[in-house]
Amino acid sequence: MARILTGIQSTGTPHLGNLLGAIRPAIELAHAPENDSFLFIADLHSLTQVKEGEVLRKNTYATAAAWLAFGLDTDRSVFYRQSDVPEVTQLAWYLNCFFPYQRLTLAHSFKDKADRLEDVNGGLFSYPMLMAADILLYDADFVPVGKDQLQHLEMTRDVANRFNHKMGETFIVPQELTRSETMLIPGLDGAKMSKSKNNILNVFDEPGALKKLINKEIVTDATPLEDPKNPDDAVVWKLYNAMAGEVASQKMADQLRAGGYGWGHAKKELLEAIVDGFATERAAFHRWMDDPGALDAVLAKGAAQAREVAGPVLERVRSKLGY
Ligand code: TRP
């Protein structure tokens with residue numbers, strides 16, 4: 001049995017790109033019978049950017065509701081909120097004391113902002129050590145991450161090795177599982193879908209709002225209705241392809257190439273694919289969002305399970321340190 005652990009950013013309601021590209025595959029991995037899995041919402045990392053409690057709380061709920069709506073089974077996976085396990089901040093401190101300042105200055109999470117030092121707080125600077133603590137506190141074997149997190153994983157391995165070397169075997173040195181980027185979901189403007197680019201589709205929105213967005217924001221060329229059209233570069237077709245699967249999207253491609261089938265038709269089919277395809281998930285998402293008490297209960301159960309693992313590991317570390 002391998003222990004898989006990953007942290008989930010909670011910057012808002014997960015969008016179509018997150019759902020298809022990351023959440024679905026992660027849930028599949030978490031449910032695999034050969035894996036023992038830990039998934040948590042990284043709301044302490046969020047504090048490096050967000051300072052409004054209400055926003056933090058809402059983002060956490062929306063993230064949790066989306067994972068649960070997409071089928072995460074908390075009987076098969078330990079699902080918790082990072083801030084509910086305070087042991088992690090303690091371990092982060094210990095790790096900070098074993099990691100060279102110079103190496104932290106090389107972290108992308110910090111370096112990307114280092115030209116505007118007035119915007120950098122100490123939390124952002126030591127972000128990689130909190131992430132290392134997230135992982136090492138649970139004796140994780142594998143950590144599924146996107147490519148942008150590989151450097152953080154490398155630092156995690158580095159600090160674990162340094163500690164083991166100085167203090168004796170203490171930590172399991174984890175390996176990364178790189179997510180293959182097979183599903184590149186374009187945003188409304190054709191660039192990769194991303195919250196920071198303001199080009200996202202929120203599949204939990206009401207159908208009316210989705211319709212407006214798709215009709216207004218997805219760019220198409222001005223080819224007249226009767227003329228043949230090229231699906232390959234069209235955002236509307238690419239999104240349909242990601243949603244509707246091989247057979248249906250091939251059919252739409254043929255219709256576009258044949259002429260007599262307009263972008264408006266394609267948009268209508270895309271809307272239907274999203275509205276109908278995610279009807280169950282949308283209903284579940286809103287049920288969870290209307291019942292924060294139920295979300296709290298689910299996350300509390302996960303936190304209790306997580307702390308059962310975290311406590312003894314932290315004790316192991318403390319005894320090595322002489323506390
Ligand atoms: N930093 C990760 C991200 O931005 C989120 C994260 C926090 C994480 N702690 C983690 C991922 C531990 C994997 C393991 O996506």
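FYI, the numbering just counts along the sequence from 1. Because the structure is a prediction, the values reported are computed rather than measured.
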For [X], does the [atom1] atom sit with more than 12 other heavy atoms under 6.0 Å from it, leaving out its own atoms?
X    : atom1 : answer
K212 : NZ    : no
K211 : NZ    : no
K166 : NZ    : no
E34  : CD    : yes

Single-linkage hydrophobic cluster [X]~[Y], side-chain heavy atoms < 4.5 angstrom:
X    : Y    : result
L95  : L106 : no
L213 : M193 : yes
I23  : L5   : no

Salt bridge between [X] and [Y], side-chain N to carboxylate O under 4.0 Å?
X    : Y   : result
K301 : D84 : no
R24  : E28 : no
D296 : R57 : no

Are any non-hydrogen side-chain atoms of [X] and [Y] less than 4.5 angstrom apart?
X    : Y    : answer
T220 : K267 : yes
W67  : I41  : no
V313 : E87  : no
L39  : I27  : no
R257 : P228 : no
P144 : I4   : yes
L321 : F163 : yes
M131 : Q149 : yes

Please answer whether the main-chain N or O of [Y] pairs with a side-chain N or O of [X] as donor and acceptor at a distance below 3.5 Å.
X    : Y    : value
D254 : K251 : no
H286 : F204 : yes
Q82  : L44  : yes
K195 : T11  : yes
D158 : E154 : no
K320 : E169 : yes
S77  : D73  : no
R282 : I274 : yes
K113 : V120 : no
D189 : V219 : no

Could you please spell out the steps behind the side-chain hydrogen bond (donor to acceptor under 3.5 Å, both in side chains) verdict for N230 and W237?
CA-CA 9 Å; N230 177 12; W237 184 78; over 6 Å; no

Centroid-centroid under 6.0 Å between Y138 and Y80 rings
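Yes, they do, as the ring centres are separated by less than 6.0 Å.
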
Would a line drawn from the ring center of F98 to the ring center of F171 be shorter than 6.0 Å?
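No; F171 has its ring centre 6.0 Å or more from that of F98.
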
Atom [atom1] in [X], atom [atom2] in [Y]: separation rounded to 0.5 Å?
X    : Y    : atom1 : atom2 : result
L68  : Y61  : CG    : OH    : 12.5 Å
N18  : I200 : CG    : CD1   : 8.0 Å
E269 : M252 : CD    : CE    : 4.5 Å
D134 : T89  : CG    : OG1   : 10.5 Å
L177 : L153 : CG    : CG    : 9.0 Å
L239 : L271 : CG    : CG    : 12.0 Å

Check [X] against [Y] and note the closest heavy-atom contact, atom names and distance.
X    : Y    : value
V143 : P174 : CG2-CB, 4.2 Å
L16  : M243 : CD1-SD, 3.8 Å
F110 : T105 : CD2-O, 3.4 Å
L256 : P231 : CD1-CB, 3.8 Å
V85  : A303 : CG2-O, 4.4 Å
N59  : T63  : O-OG1, 2.7 Å

Only one of D139, D36, D141 passes side chain to side chain donor-acceptor pair (under 3.5 Å) with R3; say which it is.
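Checked D139, D36, D141 against R3; only one passes side chain to side chain donor-acceptor pair (under 3.5 Å): D36.
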
Is there a salt bridge (charged side-chain N to carboxylate O under 4.0 Å, His left out) between E54 and K58? Walk through the geometry before answering.
CA-CA 6 Å; E54 197 50 43; K58 263 192 110 171; over 6 Å; no

Under the side chain to side chain contact (heavy atoms under 4.5 Å, CB included) criterion, do L225 and H265 qualify, and how do the steps go?
CA-CA 10 Å; L225 177 67; H265 297 125; 3.7 Å; yes

Kindly assign one of parallel, tilted or perpendicular to the pair Y127 and H45, based on the angle between their ring planes and the thresholds 30° and 60°.
tilted

If you measure only the distance, is there a donor-acceptor pair under 3.5 Å linking the side chains of D43 and S10?
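The criterion, which ignores hydrogens and geometry beyond distance, is not satisfied for S10 and D43.
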
